[in-house]
Each structure stands twice: as C-alpha cells, then as structure tokens.
2 protein chains.
Amino acid sequence: MERSLLKHFIKSRGLRQSSQRDRVVETFLSQKGHTSAEELLIQVRKKDKRVGLTTVYRTLKLLTESGLAVERKFNRQVSTFEPARIGQHHDHLICLGCGKIMEFENKNIETLQEEVARKHTFFITHHVLELYGTCLDCSKKGAKKPKKK
Amino acid sequence: MERSLLKHFIKSRGLRQSSQRDRVVETFLSQKGHTSAEELLIQVRKKDKRVGLTTVYRTLKLLTESGLAVERKFNRQVSTFEPARIGQHHDHLICLGCGKIMEFENKNIETLQEEVARKHTFFITHHVLELYGTCLDCSKKGAKKPKKK
DNA sequence: TTTAGTGCAAACTCTTTGCAGCTAA
DNA sequence: TTAGCTGCAAAGAGTTTGCACTAAA
C-alpha cells in the first residue's frame with residue numbers, strides 16, 4: 001500500500017519506472033530499523049549486482065521527498081533512513097555502548113513542546129528528540145567503550 | 001573563571017600554552033550563540049592572521065573535551081559550538097526560514113524523558129531536543145525558502 | 001524518438017592526519 | 001633539549017554531480 005504512494009509520486013513528477021529503483025524501494029521497505037545508504041546497497045546487491053551506490057542515494061532521496069522514508073542522523077556523520085509509518089511519529093533512545101536503538105512515543109512531551117513553541121510564537125514543523133545513554137545490557141557489562149560507527 | 005578550568009585541563013594533560021590557542025579560546029568564549037570552526041577562524045584572524053583552521057579544530061576539540069564547549073549539529077552538515085554555561089542545560093528552537101536559533105529550558109520535559117528512560121531501563125547521559133519550524137518574523141513574511149547553510 | 005535513469009569517476013564539504021619546522025618549558 | 005604545537009597539504013568519510021550510455025514510454 002505504501003508502494004502505491006510512491007507510484008503516484010513518480011507519476012505526478014513525470015518520472016519513469018526502473019528495475020534498479022524498484023529493487024531499492026522493495027529492499028528498503030522490507031528493512032526493519034535504520035539503514036544507511038551503504039548498508040542498503042549491500043542488501044540490494046544480494047539480489048541484483050548491477051545496482052550502484054548513486055542509485056541508492058537517489059532513491060532514498062526520492063523516498064524521503066515522497067514521505068515514505070525518514071532521514072535521521074543521530075550522533076554520527078552518516079545518514080540513516082527508516083521507512084515512515086504513516087501517523088506513527090516516534091522518538092529514540094540510543095545506546096552509546098552497543099548502538100542499539102529503541103523507539104518510544106510520548107504524547108505528554110509533544111504537548112509540552114507545543115507549549116514551548118506557543119510561548120515563543122514559533123510554529124513547529126517537526127522535531128528531533130534523542131536520548132543518549134546506556135541500555136540495560138551495557139550497564140550490566142560495565143564500562144564499555146562506545147561502539148565506533 | 002571558565003578559563004581557569006581550561007588551564008587546569010591543559011596542565012593535567014601535560015599540554016603546553018600557545019598564543020594561537022589562547023587567541024582561539026578567548027575569541028570563542030566571547031562569542032554569543034553558535035559558531036562553526038570556519039566562522040570562528042574568521043573572527044580569530046581579525047586579531048591574528050597567523051592562525052590556521054587546523055588549530056581552530058584542535059582547540060574546539062580540546063574545549064569540548066574539557067567541558068567548556070558543547071558541539072551541536074542541528075540539521076546541517078557542519079558542527080557548531082557553543083560556550084558551555086555550567087549547570088545551564090537548554091534546548092533549541094530552530095527557524096527553517098531565517099536560521100535563527102532560540103533557546104529554551106523545560107524541566108517538565110526533562111522529567112518526562114527520565115520517566116521514558118526508566119520504563120526502558122535506560123540510563124540517559126545526555127539528550128538532543130530540537131524543535132524545527134517557523135519563527136514569528138518568517139511566518140509574517142509568508143512562505144520563504146529555507147536559508148541554505 | 002525523447003528524455004529520465006544508471007553507474008562510474010570526479011567533485012564537494014567538512015574534518016582529521018602526517019609531517020617538518022617552531023617553540024614553550 | 002624534549003616534546004607539544006603549528007600550518008600546510010593530503011587524506012578521509014559521506015554525499016552529490018557531470019557525463020556518456022541505456023532504456024522506458
């Protein structure tokens with residue numbers, strides 16, 4: 001069903017269909033969690049060796065613009081992308097020990113954000129809320145160096 | 001007073017003093033708002049032409065490690081740095097129209113964050129909360145393209 | 001036949017590193 | 001005299017762009 005959204009987006013923009021792009025979209029939408037362009041390329045290439053990194057980047061851009069993907073940076077240089085579930089906004093807990101990412105939703109926080117914005121006569125389009133720290137597993141293992149990349 | 005913290009940090013690490021670093025630190029601490037390495041270099045060079053970008057980067061790293069600076073990325077590629085005011089954590093409203101950055105503090109939000117963490121048995125070390133949208137001025141001017149960079 | 005899509009290599013942006021000379025202690 | 005500090009140039013990492021070719025419509 002999400003795919004029809006993209007089809008519509010492609011049509012409305014006068015774009016064409018292509019097997020590489022289809023493959024990237026299909027693979028992306030089947031992913032759980034957060035995927036970087038590089039990681040997605042690896043998955044895509046398992047099915048089709050001919051796809052290049054550039055196409056993955058271009059397709060992710062298209063997906064983001066059409067609202068099917070959400071781009072996130074967390075505390076790193078690389079962008080990661082997550083399939084957008086309509087109407088399901090959420091924020092993240094990021095473990096600096098093992099890199100695990102957990103999701104949460106909290107309406108009360110959102111309400112307070114709106115209140116803050118109102119005080120500043122500011123109109124929120126979107127927000128970023130990321131809680132960094134240590135998950136249960138990592139706190140048990142004791143002090144551990146943050147996972148690189 | 002903040003400067004004595006850095007002096008202590010430098011001593012404890014067995015580092016040396018240098019006029020370039022002093023100039024960068026001095027300039028940085030006198031800045032309001034958020035400064036990128038490039039912007040800081042421009043300011044520093046007004047007083048001393050001999051300072052290089054590398055030294056600015058290295059000094060900002062030192063300041064961040066010693067707790068005198070806080071690094072922030074917002075929605076851009078570049079890092080910006082802000083002098084850390086001890087015990088004064090705050091979050092940001094970022095206008096996508098003009099790039100203006102406003103600060104706010106909200107204890108209730110922080111309390112709710114701790115509650116979320118507790119539910120997930122997660123231990124927060126720090127968080128990022130950024131509200132993106134349109135400020136009053138920009139909403140008056142009507143639809144305006146987001147300022148690049 | 002037209003024009004979007006593709007992969008490759010090159011360019012780009014921001015940041016870090018290697019290095020040889022400089023300088024504080 | 002011994003390292004840390006410096007600027008420069010080069011290297012890195014992640015992403016975007018230019019280009020000639022391919023292929024959908």
Side-chain angles (χ1 to χ4, degrees), chain A residues 6-28 34-42 44-45 47-66 69-81 147-149, chain B residues 6-28 34-42 44-45 47-66 69-81 147-149:
Chain A
L6 185 69
K7 288 261 191 294
H8 180 265
F9 181 79
I10 284 177
K11 193 177 261 180
S12 73
R13 277 224 190 171
L15 306 180
R16 288 173 188 171
Q17 215 201 321
S18 92
S19 66
Q20 286 97 324
R21 187 152 64 198
D22 287 352
R23 183 67 79 179
V24 174
V25 170
E26 179 193 324
T27 309
F28 174 71
H34 307 78
T35 318
S36 69
E38 207 81 44
E39 287 161 355
L40 185 55
L41 181 68
I42 292 168
V44 170
R45 284 221 166 133
K47 295 176 181 168
D48 189 341
K49 301 275 181 209
R50 297 165 310 158
V51 180
L53 225 206
T54 314
T55 296
V56 172
Y57 272 110
R58 290 196 266 233
T59 304
L60 285 171
K61 193 175 187 185
L62 211 54
L63 286 165
T64 304
E65 286 170 357
S66 64
V70 179
E71 182 177 0
R72 304 194 189 276
K73 285 238 156 127
F74 298 122
N75 57 336
R76 321 204 264 117
Q77 286 287 99
V78 255
S79 286
T80 56
F81 297 81
K147 187 183 167 188
K148 270 268 176 107
K149 298 216 141 193
Chain B
L6 185 68
K7 287 260 191 296
H8 180 264
F9 182 78
I10 284 177
K11 191 177 262 183
S12 73
R13 277 223 190 171
L15 306 179
R16 287 176 190 170
Q17 215 200 321
S18 92
S19 67
Q20 286 98 323
R21 187 153 64 196
D22 286 352
R23 184 66 81 182
V24 174
V25 170
E26 177 194 325
T27 309
F28 174 71
H34 306 79
T35 318
S36 69
E38 207 82 43
E39 288 161 354
L40 185 54
L41 181 68
I42 292 168
V44 170
R45 285 222 167 132
K47 295 178 183 168
D48 189 341
K49 301 277 184 209
R50 298 166 311 159
V51 180
L53 226 206
T54 314
T55 296
V56 172
Y57 272 112
R58 291 196 265 231
T59 305
L60 284 171
K61 194 174 186 185
L62 212 53
L63 285 165
T64 304
E65 287 171 356
S66 63
V70 179
E71 182 178 359
R72 305 195 189 276
K73 285 240 155 124
F74 298 123
N75 58 336
R76 322 203 266 115
Q77 289 285 99
V78 256
S79 286
T80 57
F81 298 81
K147 187 184 167 190
K148 270 268 178 105
K149 297 222 136 195

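Computed over heavy atoms, backbone and side chain alike; hydrogens, waters and symmetry mates excluded. Proteins come first, then strands; the chains are lettered A, B, ... in the order of their sequence lines, and each starts at number 1.
Nearest to the side-chain atoms of A:Thr54 among the listed nucleotides D:dT6, C:dA9, C:dG5 stands C:dA9. Comparing C:dA24, D:dC5, D:dT15 against the side chain of B:Gln17 picks out C:dA24 as the nearest. Out of D:dT6, D:dC8, D:dT15, the shortest distance to the side chain of A:Ser79 is found at D:dT15. Considering only side-chain atoms of B:Leu15, the nucleotide from C:dA4, C:dC8, D:dC5 that sits closest is D:dC5.
By the 6.0 Å contact criterion, CD on B:Glu38 is open, its count of non-hydrogen atoms from other residues, nucleotides or ligands being 12 or less. In the displayed structure, A:Glu65 atom CD is contacted under 6.0 Å by more than 12 heavy atoms of other residues, nucleotides or ligands. Applying the 6.0 Å contact sphere to NZ of A:Lys47 captures more than 12 heavy atoms from other residues, nucleotides or ligands.
Using a 4.0 Å heavy-atom criterion, one finds that B:Ser18 contacts the sugar-phosphate atoms exclusively.
Residue-to-nucleotide contacts include a donor-acceptor pair under 3.5 Å from the side chain of A:Arg16 to the base of C:dT3.
Separating the CD atom of B:Glu39 from the C1' atom of C:dT13 is a distance of 15 Å, rounded to the nearest angstrom. Per the geometry, CZ belonging to B:Arg50 stands 15 Å off C1' belonging to C:dG21, to the nearest Å. In this structure, CG of A:Asn75 is placed 18 Å from P of D:dA13, rounded to the nearest angstrom.
Contact annotation: A:Tyr57 reaches the phosphate of D:dT15 (side-chain N/O to OP1 or OP2, under 4.0 Å). Between B:Arg58 and the phosphate of C:dT16, there is no side-chain N or O to OP1/OP2 separation shorter than 4.0 Å.
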Steps toward side chain to side chain donor-acceptor pair (under 3.5 Å) verdict (A:Asp48, A:Gln20): CA-CA 8 Å; A:Asp48 189 341; A:Gln20 286 97 324; over 6 Å; no
